[in-house]
Asker: 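Would you mind keeping the following structure in view while I ask a few things?
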Amino acid sequence: MVNKVLAAFVVTDGLFVSMGAIMLGFSIIVQQTCFNTPTEGNEAARDLLYQTFPFTAGIVNAVFIFAAFLATIPALATNNRSWLKLAAFMVVASAIFTLGIGVDLWVLTLRMKDEYFEIWTSQPQHVQDLMQTAFSCCGYFNSSSPAFVTDATCPSPAAASLVRGCSTPLNSFGNTFVDNIFTAMFGMVGIDVVLVMATACLLKDRKERERFRHIDEKSGVRGTF
């Protein structure tokens, strides 16, 4: 008969290590590609925002997740509860780390307009042109603050003054984009919590089985007299 507590732990442990693989792959791939020269406005807005993300922290956290997963292997292979306790402590530490990354991204959404302003002012005119075209806007706060880049969307000062600044659409784009990512981070924390609960249940199950085994052993000894 399948031990349901053990099965639940194995499934949750699999989700946990999968989460670490996703975090590691995402962090490495995006960190390597976000500095590529953009060819389109949405791509520029996304990649420039990516450049502010804590990818190194994400990679370190993913490695720690793998280490916690490795600690669960001897815990599954043996009945030694010490490995399970060690794994549980590591999962809790990972959850706190992941939560910290999620909170950092959430704070980014609170200062998105200022963040994009710093990004905007540091970009060459051709990148500003890409974002103006993609978001149908001129300048940042407005066409004169800072001054717009002359392009098909903003062909003249008179035409540019009738078009909104890029801060509003960029702020909306960035918030929606980052919201999805930090929500995923908080979802990963949820998996950590479930794994800790599954570990606690498995520890209790093994403790109960060990107690009953000792009772059976004592009963067997008494039966020999």
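Just so you know, these numbers use all the heavy atoms, side chains as well, and skip hydrogens, waters and symmetry mates.
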Asker: With no hydrogens and no angle check, is any side-chain donor or acceptor of S172 less than 3.5 Å from a backbone partner on T168?
Answerer: no
Asker: For the pair Y116 (side chain) and N171 (backbone), establish whether a donor and an acceptor sit closer than 3.5 Å, ignoring hydrogens and angles.
Answerer: no
Asker: Restricting to non-hydrogen atoms, name the atom on M131 and the atom on G41 that form the minimum distance, rounded to 0.1 Å.
Answerer: CG-O, 3.8 Å
Asker: Given the rule that I, L, V, M, F, W and Y join up when any side-chain heavy atoms are under 4.5 Å apart, are I96 and L105 in one cluster?
Answerer: yes
Asker: Between D129 (side chain) and Q125 (backbone), is there a donor-acceptor pair under 3.5 Å?
Answerer: no
Asker: It should be assessed whether the SG atoms of C138 and C166 lie less than 2.5 angstrom apart.
Answerer: no
Asker: Walk me through whether Q31 and F53 qualify under side-chain contact (heavy atoms from CB on, under 4.5 Å).
Answerer: CA-CA 9 Å; Q31 190 177 44; F53 279 26; over 6 Å; no
Asker: Side-chain contact test, heavy atoms from C-beta onward, threshold under 4.5 Å: evaluate it for D205 versus L6 and give yes or no.
Answerer: no
Asker: If you count every heavy atom of other residues, nucleotides or ligands that lies below 6.0 Å from E40 atom CD, does the total exceed 12?
Answerer: yes
Asker: Check whether any side-chain N or O of Q128 sits under 3.5 Å from a backbone N or O of W120 as a donor-acceptor pair, and report yes or no.
Answerer: yes
Asker: Taking the side chain as C-beta and beyond, is there a heavy-atom pair between L108 and L49 under 4.5 Å?
Answerer: yes
Asker: Let's go through T199 and V91 carefully: what are the C-alpha distance in whole Å and the side-chain angles of both, what is the deciding distance for side-chain contact (heavy atoms from CB on, under 4.5 Å) to 0.1 Å, and is it a yes or a no?
Answerer: CA-CA 10 Å; T199 304; V91 172; 5.7 Å; no
Asker: With a 4.5 Å heavy-atom cut-off, do W106 and D179 have their side chains touching?
Answerer: no
Asker: Do the side chains of V103 and F182 get nearer than 4.5 Å, heavy atoms only?
Answerer: no
Asker: Taking C-beta and beyond as the side chain, do T153 and C137 meet within less than 4.5 Å on heavy atoms?
Answerer: no
Asker: Is any side-chain heavy atom of I59 less than 4.5 Å from a side-chain heavy atom of I28?
Answerer: yes
Asker: Can you give me the closest heavy-atom contact between A158 and S161, atom names plus distance?
Answerer: O-OG, 2.6 Å
Asker: Would you say the side-chain atoms of T78 pair up with the backbone N or O of A75, donor to acceptor, closer than 3.5 Å?
Answerer: no
Asker: State plainly whether one hydrophobic cluster holds both F186 and I101, where clusters connect Ile, Leu, Val, Met, Phe, Trp and Tyr through side-chain heavy atoms under 4.5 angstrom apart.
Answerer: yes
Asker: If you take all heavy atoms of F64 and M90, which pair is closest and at what distance?
Answerer: CE2-O, 3.1 Å
Asker: Look at the aromatic rings of F55 and F26 and report parallel, tilted or perpendicular, splitting at 30° and 60°.
Answerer: tilted
Asker: Return the minimal non-hydrogen interatomic distance between Y140 and P146, and the atom names on each side.
Answerer: CB-CD, 3.3 Å
Asker: With under 30° as parallel and over 60° as perpendicular, where do the rings of F177 and Y50 fit, or are they tilted in between?
Answerer: perpendicular
Asker: Between T98 and S94, is the side-chain contact (heavy atoms from CB on, under 4.5 Å) condition met? List the steps.
Answerer: CA-CA 6 Å; T98 305; S94 171; 4.0 Å; yes
Asker: Answer yes or no: is there a donor N or O on one side and an acceptor on the other, between the side chain of T176 and the main chain of F173, under 3.5 Å?
Answerer: no
Asker: Is there a donor-acceptor pair under 3.5 Å between the side chain of N36 and the backbone N or O of T33?
Answerer: yes
Asker: With the side chain counted from C-beta on, respond yes when W83 and T72 share a heavy-atom pair under 4.5 Å apart, and no when they do not.
Answerer: no
Asker: Pair T12, F16 - check side-chain contact (heavy atoms from CB on, under 4.5 Å), show working.
Answerer: CA-CA 6 Å; T12 310; F16 176 70; 5.7 Å; no
Asker: Are the side chain of Q132 and the backbone N or O of V149 linked by a donor-acceptor pair below 3.5 Å?
Answerer: yes
Asker: Check whether any side-chain heavy atom of S27 sits under 4.5 Å from a side-chain heavy atom of M23, and report yes or no.
Answerer: yes
